[in-house]
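Let me begin by presenting the structure, written as structure tokens, before commenting on it.
In what follows, every heavy atom counts, from backbone to side chain, and hydrogens, waters and symmetry copies are set aside.
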Amino acid sequence: KPVIGAWRWLDNTHVDFRPRDYWPPHTTVTVSLALAGVRAAPGVSGRAARTRRFRIGRSLIVVASTRTHRLRLYKDGALFRNWPISTGRPGHDTPNGTYLTIDKANPVEMRPAGLSPGDPDYYDLWVPWAVRFTWNGVYLHDAYWSVAQQGHVNVSHGCVNMPPAAAKTYYQLEVPGDPVTIVGSPLAGDPANGWTDWFYTW
């Protein structure tokens, strides 16, 4: 399928390609690198041409609102689930932006950065069904301890708290690179904190 896209230099050695819109589901992508003999620098030339192919999977998109306390999950373009959530409480706000999921684990040990045992805000928990979308550790995860607040008030340290069954369902469907959009927060996201191609306007 034809896809409109553009290149952007991330730094002096990395260039990034992003489509204008999300990749169409089930698209086969071919990358052709005609580098044989291409001069990159004095005394440095490409040795060979390379072709790589990969396939885009199904579409799975999260849109989570810190104001309505709801997470909408879209699968292949249709609303699949609408779950109650709790996001970061004031001072620990979940940052706005469209991220791509980075990794996941079940469980993940979570502790607050910069705090020690004995601090009233300190915790050390093994958290189930956890999917990370920022480098500094903002996750969508099972929060069995905040089910009563989910859908009503923000009580987390910055993560997206989900009901246990919802977190498990999302975890089992998610693959790295699936989009997660956070809206409604007073805190702007940091383009350096995660896979944030979609922070940039077309």
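Scored by the side-chain contact (heavy atoms from CB on, under 4.5 Å) test, L35 finds L33 as partners (sequence neighbours excluded). Under the side-chain hydrogen bond (donor to acceptor under 3.5 Å, both in side chains) criterion, T181 pairs with T98, not counting sequence neighbours. For the side-chain contact (heavy atoms from CB on, under 4.5 Å) test, residues two or more places apart in sequence or in another chain that qualify with R53 are T30, T51. By the side-chain contact (heavy atoms from CB on, under 4.5 Å) test, L187 is found to be paired with D93, P95, S185, residues two or more places apart in sequence or in another chain being considered.
Taken to the nearest 0.5 Å, the CG atom of D16 stands 8.5 Å off from the CH2 atom of W7. Note that CZ of R39 is 7.0 Å distant from OG of S45, once rounded to the nearest 0.5 Å.
Both V62 and F80 are members of a single hydrophobic cluster when ILVMFWY side chains are connected at heavy-atom separations under 4.5 Å. Placement of W83 and V138 within a single hydrophobic cluster is found when ILVMFWY residues are connected by side-chain heavy-atom separations under 4.5 Å, directly or transitively.
Ring pair Y99/F199 is perpendicular by interplanar angle, where above 60° counts as perpendicular and below 30° as parallel.
Using a 4.0 Å cut-off between charged side-chain N and carboxylate O, R89 and D121 make a salt bridge. Salt-bridge annotation for K104 and D178: absent, with no side-chain N of the basic residue lying under 4.0 Å from a carboxylate O of the acidic one.
Donor-acceptor pairing under 3.5 Å is lacking for the side chains of S86 and Q150.
Between the side chain of D76 and the backbone N or O of A78 there is no donor-acceptor pair closer than 3.5 Å. R8 contributes no side-chain N or O that, together with a main-chain N or O of V15, makes up a donor-acceptor pair within less than 3.5 Å. For T87 (side chain) and V160 (main-chain N/O), no donor-acceptor pair under 3.5 Å exists by modelled atom type.
In this structure, Y22 has its ring center under 6.0 Å from that of W198.
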Take N161 and S146 through the test side-chain hydrogen bond (donor to acceptor under 3.5 Å, both in side chains) and record every step on the way to the result.
CA-CA 7 Å; N161 286 189; S146 72; 3.0 Å; yes
What verdict does the side-chain hydrogen bond (donor to acceptor under 3.5 Å, both in side chains) test give for R55 and T28, after you've listed the backbone C-alpha separation in whole Å, the side-chain angles of each residue and the deciding distance to 0.1 Å?
CA-CA 4 Å; R55 185 169 173 78; T28 298; 3.2 Å; yes
Run D11 and W9 through side chain to side chain contact (heavy atoms under 4.5 Å, CB included) and show every step you take.
CA-CA 6 Å; D11 55 40; W9 284 100; 5.8 Å; no
So L125 and W145, side chain to side chain contact (heavy atoms under 4.5 Å, CB included) or not? Walk me through it.
CA-CA 11 Å; L125 294 173; W145 56 87; 4.2 Å; yes
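Listed by first then second residue, pairs satisfying side-chain hydrogen bond (donor to acceptor under 3.5 Å, both in side chains) with a partner in residues 129-140 read D103-R132, T134-N136, N136-N193, not counting sequence neighbours.
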Contacts under 3.5 angstrom, residues 164-172 side chains, donor-acceptor by atom type, not counting sequence neighbours:
unit_1: T169; atom_1: OG1; unit_2: A165; atom_2: O; d: 3.0
unit_1: Y171; atom_1: OH; unit_2: N106; atom_2: N; d: 3.4

